Amino acid sequence: MTIDVPYIVLILALLALTLFNAKDRRNNNYFIAAVVIAFIFTAFRAPVVGADTYNYVRFFTGESIYYSSDRREFEPLFTAYNAIMKILLFKSGFLYMVVNAFLSLLPVFILVKHNAYSKTLSVFWFFLTTSGMLYFVVLRQILSMAIILGGVIYVQRNRPYKLAVFILLGVIAYFMHTSAIYVMPVYLLCYFIPMKHRWVPFVLIGVSIVSGLILKNLDIMKMLSAYEAMGFGVTERLDVYLDEELVDTSEFSILGILKKSLIGAFVYLWMPKKKLNHWFSKIYLVGIVLSNFFFEMQLIDRIVMPFDLFGIICVTWAFGPRLHKAVFNYRLVSYVAAGLMCFYLMFGYVRSSINYDPTNEMRMHPYYFFFQDYHDHPSIKYNFD
């Protein structure tokens, strides 16, 4: 039996910190410990852990003159970022990994610190869901996200010309990664469109599930290919998401397909009314709806990541005063349901780290630290030989 121990140690450590923090909510040390562990695990990994990472690092250090088989130039801001970092970091691949992790994770943890009901739970949830894995993979996208999240922080602090600055940062983020072309406008729409009634998210989630099942019986790829054929230059790099084959969902469990919807339903049921119309609640809802619409798309997690990310904050709101003050039977059933869903996600997380497929295209296994000899890592063996 092959077990990728570091991943399991990570999730168990974060779970323990979350449970300790639940008993002592005023103690901020648990959150600090969780952030340090999360940062070290992300920043100090070997560059072969996570698809695309080795490509980025080798391109940065000059070991490769191309990032991949894609010969198009990078977005201009990423090119400038790399040029500056080569000077500041002396072309050190390790320092490059550390700086990238710091810059991409900092705004996430700032938002968690100032918005989450249970900050440690947010860090735990970050790794339990796909967000943590994607932060190992999509470098340009998470750096672009960091710029946009900087705009979110600026707006939240109610600084002068807040929306103008947010839009400006969204435009700048586009030149780091073109995904900003849809992320920033959706964030902006969510800021202005109200959601005052608790039934709204349930209706939208239900409609999106039904619509997704209908789309499953249509030829989604033909529709997406028709859009791609229009050749919009601003989304050219995003077309790679549309080129992928659909995922074979024949072996998917109903629970696996609906897990985001079930978690979302729990969140919107128990979050305080004042949080229902919160900016983050609406952004999170967009992620659930899009996931339901296009659950067969292979790279849908990358597309919805900017929206799913806010789930790590919203899920903590469900464990606030509204749930604590509920009738005992409702509270008991809700805690049992939350526990079962958490167990389901943890079971999936642990199972993915046992007898893993070393040829998996995400290249997450086995986990190596930067100081280990990784020349025989499957990421190199199956992708660079």
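These numbers come from a predicted model, not from an experiment.
- The distance between the ring centers of Phe266 and Phe319 falls below 6.0 angstrom.
- A 4.5 Å side-chain heavy-atom check between Ile354 and Asp4 finds every atom pair outside the cut-off.
- Taking the six-membered ring where the residue is Trp, the centroids of Tyr374 and Tyr368 are separated by 6.0 Å or more.
- The number of heavy-atom neighbours closer than 6.0 Å to OH of Tyr161, taken from other residues, nucleotides and ligands shown, is 12 or below.
- In summary, Arg302 and Asp308 do not engage in a salt bridge, as defined by a charged side-chain N under 4.0 Å from a carboxylate O.
- Residues Arg363 and Tyr382 bring no donor and acceptor atom of their side chains to less than 3.5 Å of each other.
- The only member of Tyr174, Phe175, Tyr56 that meets ring pair (Phe, Tyr, Trp, His ring centres under 6.0 Å) when paired with Phe78 is Tyr56.
- Within a 6.0 Å sphere centred on OH of Tyr335, heavy atoms belonging to other residues, nucleotides or ligands number more than 12.
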Stepwise, does the ring-ring contact (aromatic ring centres under 6.0 Å, His included) test hold for Phe166 with Tyr191?
-> CA-CA 11 Å; Phe166 175 76; Tyr191 183 82; 8.0 Å; no
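- Judged purely by distance below 3.5 Å, without hydrogens or angles, the side chains of Lys162 and Asn158 pair a donor atom with an acceptor atom.
- Under a 4.0 Å N-O distance rule, the pair Asp52/Arg140 does not qualify as a salt bridge.
- Checked against a 6.0 Å centroid threshold, the rings of Tyr7 and Phe127 do not count as neighbours.
- Between Phe136 and Tyr367, the ring planes lie tilted relative to each other; the angle falls in the 30° to 60° range.
- Looking at Met271 and Ser281, their side chains come closer than 4.5 Å, going by heavy atoms from C-beta outward.
- One side chain, Ser179 or His177, offers a donor N or O that lies under 3.5 Å from an acceptor on the other.
- Checking Asn292 against Ser261 by side-chain atom types alone, a donor-acceptor pair falls below 3.5 Å.
- By the 6.0 Å contact criterion, CZ on Phe369 is enclosed, its count of non-hydrogen atoms from other residues, nucleotides or ligands being greater than 12.
- Residue Val203 is grouped with residue Ile283 when hydrophobic side chains (ILVMFWY) are merged at heavy-atom distances under 4.5 angstrom, including chains of intermediate members.
- Inspection of the Asn100 and Tyr81 side chains reveals an N or O donor paired with an N or O acceptor under 3.5 Å.
- In Phe20, the CZ atom is not crowded: 12 or fewer heavy atoms of neighbouring residues, nucleotides or ligands sit closer than 6.0 Å.
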Test ring-ring contact (aromatic ring centres under 6.0 Å, His included) applied to Tyr30 and Phe124, step by step = CA-CA 11 Å; Tyr30 297 111; Phe124 171 61; over 10 Å; no
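- Within the 4.5 Å cutoff, the side chain of Phe31 has heavy atoms near those of the Val112 side chain.
- By the 30° and 60° cut-offs, the orientation of the rings of Phe310 relative to Phe280 is tilted.
- Two rings, from Phe59 and Tyr96, have their centers 6.0 Å or more apart.
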